[in-house]
K.L.:
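Quick one: the structure is below, and I'll ask about it shortly.
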Amino acid sequence: MFSKILIANRGEIACRVIRTARRLGIRTVAVFSDADAHARHARLADEAVNIGPAPARDSYLDIGRIIDAATKTGAQAIHPGYGFLSENEAFARACAEHGIVFIGPPVAAIRAMGSKSAAKQLMERAQVPLVPGYHGDDQDPSLLRRESDRIGYPVLIKATAGGGGKGMRIVEAASSFDDALASCRREAKASFGDDRVLVERYLQRPRHIEIQVFADKHGNCLHLFERDCSVQRRHQKVLEEAPAPGMTEARRRQMGDAAVAAARAVGYAGAGTVEFIADADGSFYFMEMNTRLQVEHPVTEMITGQDLVEWQFRVANDERLPLAQEQLSIRGHALEARIYAEDPDKGFLPSTGRLVHLAPPKESLHVRVDTGVEQGDEITPFYDPMIAKLIVWDQSRELVLARMFQALADYRIVGVANNVEFLSRLVASPAFARGDVDTGLIERERAFLFPDAGKAPREAFLVAALATVLREEDVARAAAARHPDPHSPWHHLDGWRLNSDFERRLMFRHGEDEITVVVGYARGHYELTLDGETTRAQGELGPNSTLRVELAGLRHDATVVATGERRHVFLDGRSYQFARVDPLYHAGEGQGIEGRLVAPMPGRVVAWLATPGADVEKNAPLLILEAMKMEHTITAPAAGRVVGFRFAVGEQVTEGAELVDFEKRA
């Protein structure tokens with residue numbers, strides 16, 4: 001076995017590879033960019049090498065820098081993780097040329113599957129079923145449009161070198177084909193350096209089912225069953241589970257055999273994933289083969305009891321597969337949720353910032369957290385905004401859903417917008433609970449998944465008030481302990497007054513509402529009054545902003561994180577943001593931002609979609625902003641006139657920057 005490997009990746013996958021390497025006694029070398037100088041993966045590895053500036057093209061995608069780091073540190077092999085250079089033919093070839101083992105498939109297999117078009121032509125010859133479409137080399141826009149007309153709308157345009165939902169568009173009608181094609185090509189070029197596309201019929205309610213395959217260099221090839229990755233937004237997976245709901249043994253065998261045939265057709269070795277799109281009638285079609293480990297591999301590990309990274313090491317070391325097909329079996333059910341720094345209520349726009357508070361659920365035999373960040377780390381605009389993968393396992397799907405719901409309720413994140421509550425609603429949605437999944441589930445269940453914010457419950461305000469007074473008392477006790485007379489009654493904040501009672505008024509703002517909680521001090525407890533109703537309250541502060549509280553005899557475990565004037569309250573599986581209001585301070589009215597055309601995140605202007613001076617209607621597209629390699633269209637907030645653009649195409653913008661001068665129509 002190798003004595004030292006380099007991991008050509010970052011974040012949670014680098015940390016994941018380090019965990020297995022450490023268990024096997026393999027030393028690890030991490031690489032990091034300037035933006036990741038203090039990243040968790042760089043801290044965990046035995047050695048770490050700076051490979052350049054923050055942009056991925058100047059660091060994690062720089063083959064020369066990574067090969068140089070491996071050579072200088074004496075690494076015998078490189079694990080590419082997933083994303084970045086994991087499916088890059090030139091990188092795999094460079095490793096071989098420098099005598100470094102590439103922990104992945106042969107160069108020929110990467111080449112064969114690197115182009116979606118070429119891969120589908122190969123699968124067609126191998127008699128693997130394909131979705132009707134055009135996979136040719138001629139990329140003339142008029143030809144692509146004619147082929148789409150022939151296939152019949154809706155069609156899916158997809159980057160041939162793509163992945164992760166980048167460079168993909170659903171086209172409902174011929175009239176929108178040209179714009180969708182142009183957008184796909186821009187996004188594909190930015191993400192993969194290749195703007196070629198293919199066109200396929202878009203199935204109306206398809207399921208995305210993938211098969212984990214593994215092959216060694218001795219002619220052995222098998223599959224480790226399926227994963228259902230149907231629940232997606234913007235073609236990116238949100239929840240993944242294994243086994244797939246409703247999967248029959250006969251269908252599992254058919255899909256597994258097809259996946260193994262696909263792997264054998266390209267002389268595969270190592271870990272790979274064959275992705276299929278399945279129709280409601282039970283038919284399935286080859287989509288693509290990912291020649292790497294997948295983000296969702298932990299659910300396969302949980303139901304099979306196998307460490308797939310260890311299998312990768314052993315295959316790369318010329319060993320045979322640890323098991324044969326008949327020795328593998330499915331045990332229980334597993335579900336993975338991707339925890340992202342993003343705002344579901346704003347179209348899942350990525351969020352950046354410091355993780356002021358980060359408390360994941362406790363890991364156990366049933367709960368696993370794969371992460372590349374810790375409290376205090378930064379989510380930057382340079383890379384994928386994933387915070388963690390939360391994976392749960394149990395004997396049945398019903399038990400798994402309950403475990404996942406509880407684990408999400410225990411997740412505490414402050415500092416960036418995140419999708420934890422959205423995931424909780426998704427897991428609890430009736431359609432997902434009964435296994436009625438397909439790639440359109442999120443859009444179809446919007447009413448359930450995106451409810452109106454509504455008002456915060458009174459208990460949340462009471463908890464915020466109780467946490468405030470308990471912390472003040474904690475600070476006072478600490479100050480008293482440092483004082484020459486620590487027992488002086490003047491140190492106490494217990495509300496005692498001679499011949500009178502004392503009350504405090506704590507005001508919090510939530511949305512447009514200002515709520516006042518009156519705090520009364522009693523012997524051994526507090527009396528909290530809100531809207532004329534008084535509640536007996538007791539509480540005790542715990543570590544990391546936790547709080548054990550009792551309201552009217554009912555006990556709650558809560559977390560209240562204070563960041564400046566903000567109070568982030570986590571209670572009963574929900575989170576709420578309040579602002580502590582100082583009644584002695586009166587701010588000016590200020591100018592609202594409604595209707596302002598500002599950048600929702602840092603990014604780059606890639607296209608103007610309107611002409612300065614043009615009159616436009618409400619929701620007309622004005623500008624395209626690229627952030628984290630995804631395109632976001634800025635639209636008109638009302639009918640009006642585009643006075644001018646503040647940034648030229650190609651310019652970088654910061655979050656909140658004014659993008660367009662716009663006049664509403666009278």
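Remember, it's a predicted structure, so these values are computed and weren't measured experimentally.
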K.L.:
Main chain of Ala244, side chain of Glu226: is a donor-acceptor contact present, judged purely on distance under 3.5 Å?
P.N.:
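Present.
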
K.L.:
Could you give the distance from OG (Ser230) to CD1 (Ile209), rounded to the nearest 0.5 Å?
P.N.:
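Between Ser230 OG and Ile209 CD1, I get 6.0 Å after rounding to 0.5 Å.
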
K.L.:
Any non-hydrogen side-chain atom of Leu156 less than 4.5 Å from a side-chain atom of Val199?
P.N.:
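No; the side chains remain at least 4.5 Å from each other.
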
K.L.:
Which atom names give the shortest non-hydrogen contact between Leu625 and Gly603, and what distance separates them?
P.N.:
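Between these two residues, the closest heavy atoms are CD1-C, 3.9 Å.
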
K.L.:
Once rounded to the nearest 0.5 Å, what's the spacing between atom CD1 of Ile78 and atom CG of Asn9?
P.N.:
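Spacing of CD1 (Ile78) from CG (Asn9) equals 11.5 Å.
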
K.L.:
Is a side-chain donor or acceptor of Ser86 paired with a backbone partner of Gly83 at a separation under 3.5 angstrom?
P.N.:
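A pair under 3.5 Å: yes.
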
K.L.:
Give the intermediate values and the outcome of side-chain contact (heavy atoms from CB on, under 4.5 Å) for residues Ile442 and Leu426.
P.N.:
CA-CA 8 Å; Ile442 290 177; Leu426 187 54; 4.2 Å; yes

K.L.:
Would you name the heavy atoms of Phe214 and Leu308 that are closest together and state the gap between them?
P.N.:
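Distance-wise, the nearest heavy atoms are CZ-O, 3.6 Å.
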
K.L.:
Would you check if there is a donor-acceptor pair between the side chains of His79 and Gln312 at a distance under 3.5 Å?
P.N.:
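His79 and Gln312 do have a side-chain donor-acceptor pair below 3.5 Å.
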
K.L.:
When you measure from the side chain of Asp216 to the backbone N and O of Asn220, does any donor-acceptor pair fall under 3.5 Å?
P.N.:
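Side chain of Asp216 to backbone of Asn220, a donor-acceptor pair under 3.5 Å: yes, one is there.
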
K.L.:
Heavy-atom distance under 4.5 Å between the side chains of Met287 and Lys158, does that happen here?
P.N.:
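The answer is yes; the side chains approach within 4.5 Å.
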
K.L.:
For Gln127, I'd like to know if atom CD has over 12 heavy atoms of other residues, nucleotides or ligands within 6.0 Å.
P.N.:
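Not buried by this count: 12 neighbours or fewer within 6.0 Å.
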
K.L.:
Please give me the minimum heavy-atom distance between Arg251 and Ser283, naming the atom from each residue.
P.N.:
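Scanning both residues, the minimum pair turns out to be NH2-O, 3.9 Å.
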
K.L.:
Could you check whether Ser351 and Glu342, counting side-chain N and O atoms only, form a donor-acceptor pair closer than 3.5 Å?
P.N.:
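The criterion, which ignores hydrogens and geometry beyond distance, is not satisfied for Ser351 and Glu342.
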
K.L.:
Does any pair with a residue in residues 275-285 pass salt bridge (charged side-chain N to carboxylate O under 4.0 Å, His left out), and if so which ones, sequence neighbours excluded?
P.N.:
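Every pair satisfying salt bridge (charged side-chain N to carboxylate O under 4.0 Å, His left out) with a residue in residues 275-285: Lys237-Glu275.
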
K.L.:
Is a donor on one side and an acceptor on the other found under 3.5 Å between the side chain of His98 and the backbone of Ala94?
P.N.:
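The answer is yes, because a donor-acceptor pair under 3.5 Å joins these two groups.
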
K.L.:
Counting distance only, does the side-chain N/O of His41 pair as donor-acceptor with the main-chain N or O of Asp36 below 3.5 Å?
P.N.:
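The answer is no, because no donor-acceptor pair under 3.5 Å joins these two groups.
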
K.L.:
Within this structure, what is the CD1-CG distance for the pair Ile67 and Asp62, rounded to the nearest 0.5 Å?
P.N.:
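Ile67 atom CD1 to Asp62 atom CG measures 10.5 Å (nearest 0.5 Å).
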
K.L.:
Are Phe348 and Tyr340 close enough that their ring centres sit under 6.0 Å apart?
P.N.:
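Not under 6.0 Å, so no.
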
K.L.:
What I'd like to find out is whether the side chain of Met113 reaches to under 4.5 Å of the side chain of Pro105, using heavy atoms alone.
P.N.:
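SC-SC contact between Met113 and Pro105 ruled out.
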
K.L.:
Within the side chain of Glu87, is there an N or O that forms a donor-acceptor pair under 3.5 Å with the backbone of Gly114?
P.N.:
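No, Glu87 side chain to Gly114 backbone: no donor-acceptor pair under 3.5 Å.
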
K.L.:
For the pair Lys389 (side chain) and Val295 (backbone), establish whether a donor and an acceptor sit closer than 3.5 Å, ignoring hydrogens and angles.
P.N.:
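Judged by distance alone, yes, a pair lies under 3.5 Å.
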
K.L.:
Going by distance alone, is a donor N or O of one side chain under 3.5 Å from an acceptor N or O of the other, for Tyr134 and Asp138?
P.N.:
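Tyr134 vs Asp138: no donor-acceptor pair found between side chains.
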
K.L.:
In a check of side-chain contact (heavy atoms from CB on, under 4.5 Å) between Leu61 and each of Leu85, Ile51, Ile66, which one passes?
P.N.:
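Of the listed residues Leu85, Ile51, Ile66, the side-chain contact (heavy atoms from CB on, under 4.5 Å) partner of Leu61 is Leu85.
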
K.L.:
Is there side-chain contact between Arg65 and Ser59, with at least one heavy-atom pair below 4.5 Å?
P.N.:
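Sidechains of Ser59 and Arg65: no contact.
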
K.L.:
Sort and list the pairs that fulfil salt bridge (charged side-chain N to carboxylate O under 4.0 Å, His left out) and have at least one residue in residues 168-178, not counting sequence neighbours.
P.N.:
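Applying salt bridge (charged side-chain N to carboxylate O under 4.0 Å, His left out) to every pair that reaches into residues 168-178, excluding sequence neighbours, yields Arg145-Asp178, Arg169-Glu187, Arg169-Glu631.
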
K.L.:
Is there side-chain contact between Ser148 and Val171, with at least one heavy-atom pair below 4.5 Å?
P.N.:
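Heavy-atom side-chain distance check fails, nothing below 4.5 Å.
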
K.L.:
Step by step, would you call Glu240 with Arg338 a salt bridge (Lys or Arg N to Asp or Glu O under 4.0 Å)?
P.N.:
CA-CA 9 Å; Glu240 300 103 351; Arg338 302 190 187 192; 2.6 Å; yes

K.L.:
Measuring from Asp438:CG to Gln204:CD, what's the distance to the nearest 0.5 Å?
P.N.:
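These two atoms lie 10.5 Å from each other.
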
K.L.:
Taking C-beta and beyond as the side chain, do Ile63 and Asn88 meet within less than 4.5 Å on heavy atoms?
P.N.:
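The answer is yes; the side chains approach within 4.5 Å.
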
K.L.:
Working note: Phe313 + Val17, criterion side-chain contact (heavy atoms from CB on, under 4.5 Å); need CA distance, chi angles, decisive distance, verdict.
P.N.:
CA-CA 10 Å; Phe313 289 160; Val17 174; 4.0 Å; yes

K.L.:
What's the shortest heavy-atom distance between Gly133 and Ile151, and which atoms?
P.N.:
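For Gly133 and Ile151, the tightest heavy-atom pair comes out as CA-CD1, 3.5 Å.
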
K.L.:
More than 12 heavy atoms of other residues, nucleotides or ligands under 6.0 Å from CZ of Arg150: yes or no?
P.N.:
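Yes, because the 6.0 Å sphere around CZ of Arg150 holds more than 12 heavy atoms from other groups.
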
K.L.:
Looking at Phe662 and Ala638, what are the two nearest heavy atoms and their distance?
P.N.:
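Nearest pair, atom of Phe662 first, then Ala638: CZ-O, 3.1 Å.
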
K.L.:
For a quick test of reading the model, state the closest non-hydrogen atom pair linking Ala188 to Asp194 and the distance between them.
P.N.:
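Result for this residue pair: CB-O, 3.3 Å.
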
K.L.:
Could you check if a side-chain atom of Arg93 sits within less than 4.5 angstrom of a side-chain atom of Arg111, using non-hydrogen atoms only?
P.N.:
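Yes, their side chains come closer than 4.5 Å.
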
K.L.:
To the nearest 0.5 Å, how far apart are CD1 in Ile157 and CG in Leu198?
P.N.:
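One gets 9.5 Å once the value is rounded to the nearest 0.5 Å.
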
K.L.:
Distance-only, no hydrogens or angles: does the Tyr383 side chain make a donor-acceptor pair with backbone N or O of Met386 under 3.5 Å?
P.N.:
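No, the answer is negative, given that no donor and acceptor are paired below the 3.5 Å cut-off.
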
K.L.:
When rounded to the nearest 0.5 angstrom, what is the spacing between CG in Asp370 and CD in Glu296?
P.N.:
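Separation between the atoms: 12.5 Å.
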
K.L.:
Identify whether NZ of Lys or CZ of Arg in Arg446 sits under 6.0 Å from the centre of the six-membered ring of Phe450 and within 45° of that ring's axis.
P.N.:
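Verdict for Phe450: a cation-pi partner in Arg446.
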
K.L.:
Within the distance-only criterion (no hydrogens, no angle test), does the side chain of Gln121 pair as donor or acceptor with the backbone N or O of His135 below 3.5 angstrom?
P.N.:
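Side chain of Gln121 to backbone of His135, a donor-acceptor pair under 3.5 Å: yes, one is there.
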
K.L.:
Start with the C-alpha distance between Val213 and Met289, add both sets of side-chain angles, then the distance that settles side-chain contact (heavy atoms from CB on, under 4.5 Å), and finish with yes or no.
P.N.:
CA-CA 10 Å; Val213 294; Met289 182 176 183; 3.9 Å; yes

K.L.:
Take Val437 and Asp228 through the side-chain contact (heavy atoms from CB on, under 4.5 Å) test and state the conclusion after the steps.
P.N.:
CA-CA 9 Å; Val437 295; Asp228 193 308; 3.8 Å; yes

K.L.:
Over 60° means perpendicular and under 30° means parallel, so classify the ring planes of Phe84 and Tyr60, tilted if in between.
P.N.:
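Because their plane-to-plane angle is under 30°, the rings of Tyr60 and Phe84 count as parallel.
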
K.L.:
May I ask you to decide if Arg292's main-chain N or O and Asn290's side chain share a donor-acceptor pair within less than 3.5 Å?
P.N.:
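Flag not set: sc Asn290 to bb Arg292 has no pair under 3.5 Å.
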
K.L.:
For a quick check under 3.5 Å, do His208 and Gln232 share a side-chain donor-acceptor pair by atom type?
P.N.:
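Short answer, yes.
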
K.L.:
Does any non-hydrogen side-chain atom of Val101 lie less than 4.5 Å from one of Cys95?
P.N.:
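No; the side chains remain at least 4.5 Å from each other.
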
K.L.:
For the residue pair Arg227 and Thr273, confirm or rule out a side-chain donor-acceptor distance under 3.5 Å.
P.N.:
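The answer is yes; a qualifying pair exists.
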
